[in-house]
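The next block holds one structure in the form of structure tokens; read it before the comments.
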Amino acid sequence: MVTSDVRVRYAPSPTGTPHVGNIRTALFNWLFARHHAGKFIVRIEDTDQERRVEGAEEAILDSLRWLGLDWDEGPDTADGPFAPYVQSQRRQLYQDAAERLIESDDAYRCYCSSARLDALRERQTKRKAPTGYDRKCRNLSQEERAEVEASGAAPVVRFKTPLTGKTTFEDAIRGLVTWENRLIDDFVLLKSDGFPTYHLANIVDDHEMRISHVFRADEWLASTPRHVLLYAAFGWDPPIFAHMPLILGADRSKLSKRHGAVALLDYSEQGFLPDAMLNFLALLGWSLDDKTTVMSREDLVNGFTLDRVVASPAIFDVEKLSWINGVYIRELPTDQFAEAALPFLTSGLPGDVPRPLDWSYTREVCELVQDRARTLHEITELADFFYTGGVEFPLALVWVGMGDKQLKRRVDEGADLSDEPVPEDAPVVTGWLEAAERRLIELDREWTAERVEEALRSLVPEIDSSTRKLFGALRVALTGRTAAPPLFETMEVLDRAICLERIGRALDRLREGHQRQRIDSAKATPTSD
Ligand code: GLU
């Protein structure tokens with residue numbers, strides 16, 4: 001039961017484009033805030049100026065906007081109660097805090113040069129001893145301190161970590177975490193340039209900004225004992241901590257570029273819908289129950305509770321994401337789907353297709369492929385034949401379309417049928433398509449799916465074919481593929497002229513192919529005289 005006012009934060013460092021793991025952390029914070037009618041705060045942790053990347057802050061905010069994770073206070077809310085929300089603009093606060101710890105004897109100035117620290121680390125590494133500061137400046141006498149100060153060395157401020165005892169805290173996901181203090185060194189709070197380290201700035205801000213719960217990535221778990229010690233030194237109540245489970249790729253290794261896109265916005269470019277992505281990310285470590293997968297934003301907000309977040313790693317399964325995305329695509333009203341698809345078609349179709357694409361035609365096309373698309377990106381591949389001047393296919397594909405099992409198996413195995421000889425019954429198939437062509441030419445009134453279907457169905461018995469064979473052959477002739485949207489609707493959208501042109505072209509190729517074959521086999525047959 002959460003009683004106090006919920007204030008949670010997403011505190012990214014602008015060191016690059018946010019990846020799905022970062023944004024999953026943001027999402028869990030956001031869901032928790034919205035579930036408890038609390039506040040979601042975005043704070044930019046840019047105190048490590050060397051790792052700062054130009055444009056990263058914008059990419060972070062764009063990622064949040066794309067998913068619809070709105071924030072109540074953040075870098076753009078100059079009037080927020082705890083503004084500014086960018087750490088580099090709050091340096092005085094951290095310097096005062098460090099000073100306070102020096103006064104209470106919980107921190108000290110350290111004058112060791114980086115050369116000394118490097119040499120120290122080298123010695124420790126050689127001895128295979130744990131690396132860390134040897135606390136030389138912790139116990140400087142008054143005189144020694146005055147002496148180094150007089151030398152003008154710029155000090156850092158270090159925390160006086162208790163030398164013995166243990167630090168414990170209750171992680172809301174992992175339970176009790178205990179750390180031996182002797183394993184924590186006297187970590188730096190303030191650098192010699194006056195910038196705070198992550199540890200100091202992070203806890204000062206969490207305290208100042210009244211953060212109630214800190215939900216962050218698993219990798220920060222080892223930092224939390226330091227933070228707990230700092231809270232105690234300041235005499236502040238720590239927030240509730242929860243460390244999110246790790247995200248692994250499908251092969252169970254840590255999610256990385258090897259697994260494909262990791263930057264959130266890449267998924268937008270690949271044609272994933274923000275709502276589908278949100279749904280998928282929410283399931284990386286959390287679940288409503290054991291069966292529900294597809295959940296609206298509202299369902300997620302209502303259902304999100306910390307007790308359903310697990311400690312064990314979550315698997316980032318792109319197949320599952322594509323499946324969820326397909327569900328969301330099918331649920332979109334056609335207009336909205338077509339609007340989302342239009343830019344993908346515009347950039348994906350071959351260069352010789354005239355732009356801008358016709359909107360009402362594109363809408364009709366989209367209506368036909370909507371059920372089949374798992375991403376917006378796939379639409380080009382599913383629908384290109386609606387736009388291209390003609391269709392390319394190996395002639396033998398017509399037989400695959402008609403149900404030839406052997407050829408189909410070869411296609412499934414990746415065979416390219418380009419050099420496949422035209423089967424023996426080519427003249428029969430040619431005859432069927434000629435009959436279909438004539439029937440369609442006779443269909444001079446309205447060209448609708450129903451009328452085309454009626455005309456072609458009635459033809460089947462007359463030519464002694466089967467619907468499967470005739471329609472299968474037509475599908476390949478018209479679309480260049482064996483799997484396409486429903487045939488008659490496709491023909492209606494392609495329209496009469498294009499259909500007749502493509503059937504005519506397929507017939508020419510069939511006749512040609514058959515003719516060539518006859519010549520070839522005549523040449524190959526030895527003459528008896
Ligand atoms: N700035 C840290 C990061 O980039 C924040 C960690 C935390 O949430 O405390 O992940």
Side-chain angles (χ1 to χ4, degrees), residues 6-33 38-53 55-61 63-64 69 71 73-75 82 84-91 93-94 97 169 171-174 177 179 187-189 191 195-231 234 236 238-247 254-255 262-264 281 284-285 306 309:
V6 165
R7 287 180 56 84
V8 291
R9 83 318 190 258
Y10 172 49
S13 302
T15 53
T17 322
H19 56 74
V20 287
N22 304 134
I23 298 298
R24 192 273 315 258
T25 299
L27 172 61
F28 281 17
N29 276 289
W30 181 85
L31 286 171
F32 190 78
K39 297 279 189 259
F40 175 59
I41 293 131
V42 175
R43 182 174 75 223
I44 302 295
E45 299 206 330
D46 60 347
T47 56
D48 193 344
Q49 291 286 308
E50 274 164 35
R51 292 184 59 223
R52 213 168 167 273
V53 169
E57 184 179 326
E58 256 331 288
I60 290 165
L61 300 181
S63 301
L64 297 176
L69 304 185
W71 53 93
E73 298 163 35
F82 304 102
Y85 296 88
V86 177
Q87 287 189 329
S88 57
Q89 297 167 20
R90 304 168 59 82
R91 275 145 65 192
L93 210 65
Y94 315 127
F169 64 92
D171 183 285
I173 298 172
R174 276 146 217 276
V177 176
W179 222 270
F187 53 97
V188 175
L189 300 173
K191 294 178 266 187
F195 271 91
T197 57
Y198 156 70
H199 302 299
L200 179 65
N202 189 267
I203 81 124
V204 166
D205 282 347
D206 283 345
H207 172 73
E208 287 289 325
M209 296 180 179
R210 318 260 157 89
I211 298 302
S212 60
H213 298 71
V214 166
F215 303 145
R216 62 183 162 206
D218 186 78
E219 65 192 284
W220 298 103
L221 185 66
S223 295
T224 306
R226 299 170 189 222
H227 298 185
V228 171
L229 287 170
L230 278 172
Y231 277 104
F234 280 116
W236 298 336
I240 292 169
F241 294 103
H243 292 83
M244 302 294 142
L246 212 67
I247 301 179
K254 193 164 187 265
L255 191 68
V262 285
L264 181 84
L281 289 177
L284 290 178
L306 261 199
V309 178

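Count residues from 1 along the sequence. Numbering of ligands and ligand atoms starts at 1, following listing order.
Any N or O atom pair closer than 3.5 Å counts here, and V214 shares no such pair with ligand 1.
Proximity of a side-chain donor or acceptor of T197 to a complementary backbone N or O of L189 within less than 3.5 Å is detected.
For ligand 1, the atoms sitting less than 4.0 Å from at least one non-hydrogen atom of N202 are 7 (C), 9 (O), numbered in the order shown with element in parentheses. Using a 4.0 Å cut-off to heavy atoms of E45, the atoms of ligand 1 that qualify are 1 (N), 2 (C), 5 (C). Atoms of ligand 1 found under 4.0 Å from any heavy atom of R216 (numbered from 1 in listed order, with element): 7 (C), 8 (O), 9 (O).
A donor-acceptor contact closer than 3.5 angstrom links the side chains of E73 and Y85.
For atom 8 (O) of ligand 1, the closest heavy atom belonging to the protein is R9 NH1, 2.7 Å. Scanning the protein heavy atoms around atom 2 (C) of ligand 1, the nearest turns out to be A11 O, 3.3 Å.
Between F187 and H199, the ring planes are perpendicular. Angles over 60° get that label, and only those under 30° would be called parallel.
Pairs engaging residues 200-211 under the salt bridge (charged side-chain N to carboxylate O under 4.0 Å, His left out) rule: R9-D206, R43-D205, R43-D206, R90-D205 [sequence neighbours left out].
In this structure, the side chain to side chain contact (heavy atoms under 4.5 Å, CB included) partners of P245, at least two apart in sequence or on a different chain, are R24, V309.
Of the listed residues (F241, W220, Y198), the one carrying the non-hydrogen atom nearest atom 3 (C) of ligand 1 is W220.
The distance between the ring centers of H213 and F32 falls below 6.0 angstrom.
Here N22 has no heavy atoms under 4.0 Å from ligand 1, in either its backbone or its side chain.
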